[in-house]
Amino acid sequence: MFARNRAPGRLVAMTVELAFISVEPPSEGERTLPHSRNSRKSLATIDQDSLLHPFTAISDQLSNGPSVMAKGDGITVVDTEGKTYIDAAAGLWCVNVGYGRKEIAEAILDQALNLAYFHSFNAMSNAASILLSERILRVAPRNMERVFFGTSGSDANDSCVKLIWYYNNCVVDPRRRRSSHAIAAIME
Amino acid sequence: MTVAAGSLTGIPLVHQDFDLPLDFVRHVSAPDTYRDAGARNCHTDHDYAQLLAQELENLIQAEGPDTVAAFIAEPVMGTGGVLIPPDGYFQEIKKVLDRHDVLLISDEVICGFGRLGSWFGAQKYAFEPDLITTAKGLTSGYQPLSALLVGERVWSVLHEHAEDGRVFGHGFTYSGHPICTAAALANLDIIEREGLVERAAELGPYLLDRMTEKVATCRIVGDVRGAGMMLGIELVADRETKTPFEPRRKIAARVMKVCMSKGLLCRALPNSDIIAISPPFVIGKGDIDCIADRMDQALEQVVNELQDEKDLDLAWVS
């Protein structure tokens, strides 16, 4: 969504026309998909032909089609039909600082150019992760001592379960090893 | 939704057809002051918190205290229904856990980083978890990133047992991905510079007041509740008896679709007829007024449609 301008570190938003894209008609022998009759396919049609959506009624996707979002700014998002919505759900409870924040986009770009990836196994590390872990501990409850990173809330909870299994193996409490129970009052 | 997290949740949709939950987890009642407290004859927060703590105590005893490793809860339950704990809930729960040497996990995937008007929900509700799970608000969704915070009690054991050179054999290719953590640093810069945690604390009550004022009298609204920038609207077929709509009506999903047609995105939760509102913290009061107005219009439209459809099993339809 962002292209690099001439000045280093500056970003400009590209204008995108996303509702339709042109594709070549299928050549002989190529798979033709049920919703794709025209060479000019809508994104919604390609979605119906190609995507398995998370937490979605498949029948709803196939009969009513997806809502395809194209842009976001502040508290609003715009779909490919040009309709504007107030996003009162912040995506899935997450876009707390709102859409279109250039500082974050620039930080992502700068990091990608500088060091796009490195792992953290075997005590490998990187500056952003080091600084973030310290910063999280600064605002966290005082008894927090270390931070372990993953990529989703689900995996954080899986990591938490595994960490507790590991912990109980450390303290050699055989009764609380792998058979040990977690009790949950949660529905996330 | 991963296998362990999918086992910890109590949402039927996540369990059914996936052979979950796995056997390592047991469930107790989630705090539900709208339905459950009254149904169990608890008329004060104190009584209800004590009853829920006793339920936990009973389950720990039934399982055998030495086999129970941890207890996990969200400070305010999100997708399970925007359920706000009764006063003193976590203090009562903590007493039980301490008695049996059981760890407390605060699942702050939604609540963490300001959603409740405090950096963490544990701070708002004044309890000290041993572990905290976070994600969403850490990057505001700009990159996928989660952080598991490890408290002194667990870390000290890991530290103590590190001397033999053992490897903590868990992690992901993308643990500490520098692009994700760089995005999180920039996100935290914005939150601190713009005072967004304080802003969420200030605007939360305004959001609840405005929404209550607009929709609480609607004949299909049973409850409007909120904490910080989390708000839930529970829809019912009968306000007096709190009778839910039949699930086949998918009434919350229907309201959500009408909201969309009016330019408002909200979320129908998967577990019951509850609509969740959780706006970005940068929202203004005028925008909150607009959200409440559009929600009010959407609910009225659905009420009128139900009238027109003449479903006689709804007592108020004539």
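So you know, we letter chains A, B, ... as the sequences are listed, proteins then strands, and number each from 1. Quick note: numbers below take in every heavy atom, side chains included, and nothing from hydrogens, waters or symmetry partners.
- Salt bridge status for Arg135(A) with Asp189(B): present, with a side-chain N to carboxylate O gap under 4.0 Å.
- Contacts between Lys257(B) and chain A at a heavy-atom distance below 4.5 Å involve the side chain alone, from C-beta outward.
- For chain A, the nearby part of Leu138(B) is the side chain; its heavy atoms alone come within less than 4.5 Å.
- Both the backbone and the side chain of Ser159(A) have a heavy atom closer than 4.5 Å to some heavy atom of chain B.
- Heavy atoms closer than 4.5 Å to chain A are found in the side chain of Leu56(B), but not in its backbone.
- Using a 4.5 Å cut-off between heavy atoms, Ile130(A) makes no contact with chain B at all.
- Taking the charged nitrogens against the carboxylate oxygens, Arg199(B) and Glu194(B) have no contact shorter than 4.0 Å, which rules out a salt bridge.
- Contacts of Val167(B) with chain A are made by backbone atoms alone, with heavy-atom separations under 4.5 Å and no side-chain atom involved.
- Using a 4.0 Å cut-off between charged side-chain N and carboxylate O, Arg153(B) and Glu145(A) make no salt bridge.
- Proximity to chain B (any heavy atom under 4.5 Å) is restricted, for Asn126(A), to the side chain, taken from C-beta onward.
- A donor-acceptor contact shorter than 3.5 Å is absent between the side chain of Ser140(B) and the backbone of Tyr142(B).
- Met260(B) touches chain A through backbone and side chain together, each having a heavy atom under 4.5 Å away.
- The residue among Arg101(A), Glu103(A), Arg142(A) with the most heavy atom pairs within less than 4.5 Å of chain B is Arg101(A).
- When each of Leu264(B), Thr173(B), Leu269(B), Thr139(B) is scored by its heavy-atom pairs under 4.5 Å with chain A, the top score falls to Thr173(B).
- By the 30° and 60° cut-offs, the orientation of the rings of His119(A) relative to Phe121(A) is perpendicular.
- Your options are Asp287(B), Ile288(B), Ile191(B), and the one with the most heavy-atom pairs under 4.5 Å with chain A is Asp287(B).
- Taking Phe118(A), Tyr99(A), Tyr166(A) one by one and counting their heavy-atom pairs under 4.5 Å with chain B, the maximum is reached by Tyr166(A).
- With a 4.5 Å cut-off on non-hydrogen atoms, Leu231(B) does not touch chain A at all.
- Residues Pro280(B) and Val97(A) form no side-chain contact, since every pair of their non-hydrogen atoms from C-beta on lies 4.5 Å or further apart.
- Options Leu188(B), Val157(B), Val150(B) differ in how many heavy-atom pairs under 4.5 Å they form with chain A, and the most are formed by Val150(B).
- Interface remark: Ser152(A) contributes backbone atoms only to the contact with chain B (heavy atom separation under 4.5 Å).
- Only the side chain of Leu13(B) comes within less than 4.5 Å of a heavy atom in chain A; its backbone stays farther off.
- Between Phe90(B) and Phe127(B), the ring planes are parallel. Angles under 30° get that label, and only those over 60° would be called perpendicular.
- Ranking Ala112(A), Gly74(A), Ala140(A) against chain B, the residue ahead of the rest is Ala140(A), based on heavy-atom pairs under 4.5 Å.
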Where do Gln143(B) and Ile108(A) land on the side-chain contact (heavy atoms from CB on, under 4.5 Å) test, with the steps shown first?
CA-CA 9 Å; Gln143(B) 289 288 295; Ile108(A) 291 168; 3.8 Å; yes
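- The residue among Gly114(B), Ala147(B), Ala135(B), Gly112(B) with the most heavy atom pairs within less than 4.5 Å of chain A is Ala147(B).
- Inspection of the Asn114(A) and Asp110(A) side chains reveals no N or O donor paired with an N or O acceptor under 3.5 Å.
- Although no hydrogens or angles enter the test, the distance criterion places a donor-acceptor pair under 3.5 Å between the side chain of His27(B) and the main chain of Thr9(B).
- Atom CG of Asn157(A) sits about 12.0 Å away from atom CG of Leu163(A), to the nearest 0.5 Å.
- When each of Val154(B), Leu207(B), Ile291(B) is checked for heavy-atom pairs under 4.5 Å with chain A, Val154(B) comes out on top.
- At a 4.5 Å heavy-atom cutoff, the contact between Ser67(A) and chain B is made by side-chain atoms alone.
- Counting heavy atoms from C-beta outward, Ile110(B) and Thr79(B) have side chains that approach closer than 4.5 Å.
- If you tally non-hydrogen atom pairs under 4.5 Å between each of Ala90(A), Gly150(A), Ser125(A) and chain B, the highest count goes to Gly150(A).
- Interface residue Thr134(B): only backbone heavy atoms are found under 4.5 Å from chain A.
- For the residue pair Gln61(A) and Thr56(A), no side-chain donor N or O sits within less than 3.5 Å of a side-chain acceptor on the partner.
- Proximity to chain A is limited to the side chain of Leu196(B), based on heavy atoms less than 4.5 angstrom apart.
- Residue Leu185(B) touches chain A through both its backbone and its side chain, counting heavy-atom pairs closer than 4.5 Å.
- The residue among Asn187(B), Ile277(B), Ile283(B) with the most heavy atom pairs within less than 4.5 Å of chain A is Asn187(B).
- Chosen from Leu115(A), Asp155(A), Leu137(A), the residue pairing most often with chain B at heavy-atom distances under 4.5 Å is Asp155(A).
- Note on Asp289(B) versus Arg294(B): no salt bridge recorded, every NZ/NE/NH1/NH2 to OD/OE distance being 4.0 Å or above.
- Residue contact with chain A, scored on non-hydrogen atoms closer than 4.5 Å, involves the side chain of Phe120(B) exclusively.
- Side-chain N or O atoms of Lys136(B) include none that pairs as donor or acceptor with a backbone N or O of Gly141(B) at under 3.5 Å.
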Phe148(A) and His170(B): CA distance, side-chain angles, deciding distance, ring pair (Phe, Tyr, Trp, His ring centres under 6.0 Å) verdict:
CA-CA 10 Å; Phe148(A) 175 87; His170(B) 171 69; 5.3 Å; yes
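- Neither the backbone nor the side chain of Glu108(B) comes within contact range of chain A; no heavy atoms are under 4.5 Å apart.
- Put simply, of Ile104(A), Ile75(A), Val147(A), the one with the most heavy-atom pairs under 4.5 Å next to chain B is Ile104(A).
- At least one donor-acceptor pair under 3.5 Å links the side chain of Ser129(A) to the backbone N or O of Gly176(B).
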